[in-house]
Number of protein chains: 2
Amino acid sequence: MSRRTRSDNSIQGIPEATIARLPLYLRALYALADRDTACVSSEELATAAGVNSAKLRKDLSHLGSYGTRGVGYDVDYLIYQVSRELGLTQDWPVIIVGAGNLGRALANYGGFATRGFRVAAMIDSDPLIIGTSIGGHRVFGPDEIERVVTRFGVMIGAITAPATSAQSVCNRLVAAGVTSILNFAPVVLTVPDGVDVRKVDLSIELQILAFHAQRRSASKAHPTAEPPAVNGCEPPSVNGKRPVTQQVTRQAHDEVTAEAIGS
Amino acid sequence: MSRRTRSDNSIQGIPEATIARLPLYLRALYALADRDTACVSSEELATAAGVNSAKLRKDLSHLGSYGTRGVGYDVDYLIYQVSRELGLTQDWPVIIVGAGNLGRALANYGGFATRGFRVAAMIDSDPLIIGTSIGGHRVFGPDEIERVVTRFGVMIGAITAPATSAQSVCNRLVAAGVTSILNFAPVVLTVPDGVDVRKVDLSIELQILAFHAQRRSASKAHPTAEPPAVNGCEPPSVNGKRPVTQQVTRQAHDEVTAEAIGS
DNA sequence: TAGATTGTTAATCGATTAACAATC
DNA sequence: TAGATTGTTAATCGATTAACAATC
């Protein structure tokens, strides 16, 4: 009657922020297990994962009561519980759409196989690539998406195709039954309810870094120069001079990350 | 006296969440500009960026009052303002450390150059690679980091090296003067105050997807089987049976994403 | 029993959202 | 002036954190 705290919290409601940190804890736990550490306190584990201990305990409490007061957490046991919560005790076939540089990098990704993820197949539209093998994985044409997904029971797809074809690729994946998508293309994908999209966007990360870098070096350099006057789209004065957008490169703000990486 | 709302909010405090969305708005704005749209309402822009309009307006209000009530936002003008805020009106030389698959993908990244980012140099420790060119960029040895950073005034570094060397690479970058780091290696980097680290971790993204995928297919499949009994590290009973951690692959939870991708 | 550390409570902080007054 | 849409306020929601009672 006291071992099953689990049901209380986790059945429907583990916060997204917590879920996003579980893989971090898992990684730290594996590192500890490799060093044959049998037991760990929230303080130690938190440090290893780069968070504070209150947050760690709160996060773990969403899964259940898997620690021992006055002692700590059993490393192997916690690995098991976190893995199970994340769904890593089963095998996940993944389909990779787009065999450009990034798609290839993904396919060669060593940790893939060992982590419970397995490349089911790669897809590309280039006739020269179709039929070849990349990292030991056969490359199929786009028309084979449905067949591959059905055949291997694929639920997870990675889109490493160009931004221009990302949405149509996405549609095909969803139509075939894929419900989880890792999107490397720099576009906002539209998907039906029940489909989960996560985005990896190199260009956005760089821009965020640039913001902070600018801040740091801005102590003096910040040009307090007044911005070009607003002219409000169309309403009043017609001769309001437009700001100099030229500085900022305009063209091609669309073919970023995905085909981006991977031409 | 009314045009400069800017100073009020933005000098010290634009929320991180807002900054992370600015690149999204910028991309949507460029798409509009490409279609020669001169003016856009918060409603339209928000839809294009995949957020709701209240959030968009709130975000933009942190930069200043750049819209016109009853009308909307001037596309070109807003592009200029957002770009400036993100620091994209200047050129950012980037150093890429690790010329594996991912590093190469990055170096070939077309959007890089057009976006205000420029590959200053690539670094790798493999003697066979040093001296060659990748995507038009010369590859140097690790000992050249300091020189390259100084010479080109590099402030941003991307770590695509193996997890095992990521921290030492990071130390070298920081010592050389790099203050913004985009880390693709699956490790928690330790950096001094004032250095900004952003993480791109494929393995974590996949695990989060797996969690949701499991949830979706769990309606019935969820094994309510009681978890192995806790045995609390070391304290009481010595014969408490350990859970079956074998299911979950144990080895190599460390060489993931970076060298991961890019062997 | 004394010492240690968890799991949880409650306070705080920040981010989202709806609603509307300001104003073009 | 009437219609439209911004910028801002205030309410709500969720996430973080410190602190401590429960308990090994």
Side-chain angles (χ1 to χ4, degrees), chain A residues 2-10 12-22 25 39-47 49-75 77-78 81 229-237 240, chain B residues 2-10 12-22 25 39-47 49-75 77-78 81 229-237 240:
Chain A
S2 72
R3 174 93 296 125
R4 236 164 63 300
T5 324
R6 182 165 194 287
S7 26
D8 308 333
N9 272 325
S10 77
Q12 267 305 327
I14 300 185
E16 270 301 313
T18 294
I19 293 162
R21 283 187 294 264
L22 291 181
Y25 302 153
C39 187
V40 67
S41 71
S42 63
E43 192 63 43
E44 296 166 317
L45 184 54
T47 302
V51 303
N52 81 34
S53 65
K55 192 188 282 183
L56 172 80
R57 287 198 300 279
K58 183 93 205 198
D59 282 342
L60 293 183
S61 77
H62 289 292
L63 312 192
S65 292
Y66 297 142
T68 306
R69 291 171 201 237
V71 180
Y73 300 89
D74 182 285
V75 172
Y77 184 63
L78 198 52
Q81 291 297 349
V230 172
N231 56 18
C233 302
E234 13 195 82
S237 87
Chain B
S2 69
R3 174 94 295 126
R4 235 165 61 303
T5 324
R6 184 165 192 287
S7 26
D8 308 332
N9 271 325
S10 78
Q12 268 306 327
I14 300 184
E16 270 301 313
T18 294
I19 293 162
R21 282 187 294 264
L22 291 181
Y25 303 152
C39 185
V40 67
S41 71
S42 62
E43 192 62 42
E44 296 165 318
L45 184 53
T47 301
V51 303
N52 81 34
S53 66
K55 191 186 282 182
L56 173 81
R57 287 198 301 279
K58 182 93 203 196
D59 282 343
L60 292 184
S61 78
H62 289 292
L63 313 192
S65 292
Y66 297 142
T68 306
R69 293 173 199 235
V71 180
Y73 299 90
D74 182 286
V75 172
Y77 184 65
L78 197 52
Q81 291 297 349
V230 172
N231 57 15
C233 301
E234 11 194 84
S237 86

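No hydrogens, no waters, no symmetry mates; every other heavy atom, side chains included, goes into these values. What you see is a predicted model, and the numbers here were worked out from it, not measured in a lab. In what follows, chains are A, B, ... by sequence order, proteins preceding strands, each numbered from 1.
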Identify the nucleotide, in any strand shown, that forms a Watson-Crick or G-U wobble pair with C:dA19, with both distances under 3.5 Å; if there is none, say none. D:dT8

Figure out the NE2/P separation between A:H62 and C:dT6, and round it to whole Å. 16 Å

Measure CZ/B:R57 against C1'/D:dT8 and give the value in whole Å, please. 10 Å

Whichever of A:T18 and B:G70 has the more 5' nearest nucleotide on DNA chain D, that residue is B:G70

With respect to the side chain of A:K58, which nucleotide from C:dA10, C:dT17, D:dT8 is positioned closest? C:dA10

In whole angstrom, give the distance that lies between atom CG of A:L56 and atom C1' of D:dA18. 15 Å

Ring centers of A:Y77, A:Y66 separated by less than 6.0 Å: yes

Below 4.0 Å: OP1/OP2 of C:dC24 and any side-chain N or O of B:Y73: no

SG (A:C39) and CG (A:L45) are apart, to the nearest 0.5 Å, by 11.0 Å

Given C:dT6, C:dA15, C:dT17, the nucleotide with the shortest approach to the side chain of B:P15: C:dA15

Starting at atom NZ of B:K55, determine the distance to atom C1' of D:dA11, rounded to an integer number of angstrom. 17 Å

Counting only side-chain N and O atoms of A:R21, is one of them less than 4.0 Å from OP1 or OP2 of D:dT16? yes

Rounded off to whole Å, could you give me the CD-to-P distance for the A:E43 and C:dG7 pair? 15 Å

Would you kindly check whether a donor in the side chain of B:R69 faces an acceptor in the base of D:dT6, or vice versa, at under 3.5 angstrom? yes

Distance (rounded to the nearest 0.5 Å) between A:N52 CG and A:R57 CZ: 8.5 Å

Would you kindly compare A:A54 and A:A17 by the position of their nearest DNA chain D nucleotide and give the one closer to the 5′ end? A:A17

Using only side-chain N and O atoms of A:S42, determine if any of them is under 4.0 Å from OP1 or OP2 of C:dT6. yes

Please state how far atom CG in B:D74 lies from atom C1' in D:dT5, giving the value in whole angstrom units. 15 Å

Inter-residue atom distance B:L60.CG - B:L22.CG, 0.5 Å rounding: 7.5 Å

State the pairing partner of C:dC24; accept Watson-Crick or G-U wobble contacts with both distances under 3.5 Å, and report none otherwise. D:dG3

Rounded to the Å, how far apart are A:L22 CG and D:dA15 P? 13 Å

Protein-nucleotide distance (B:I19, atom CD1; C:dG14, atom P), rounded to Å: 14 Å

Look up atom OG in A:S42 and atom CG in A:D59, then write down how far apart they are to the nearest 0.5 Å. 11.5 Å

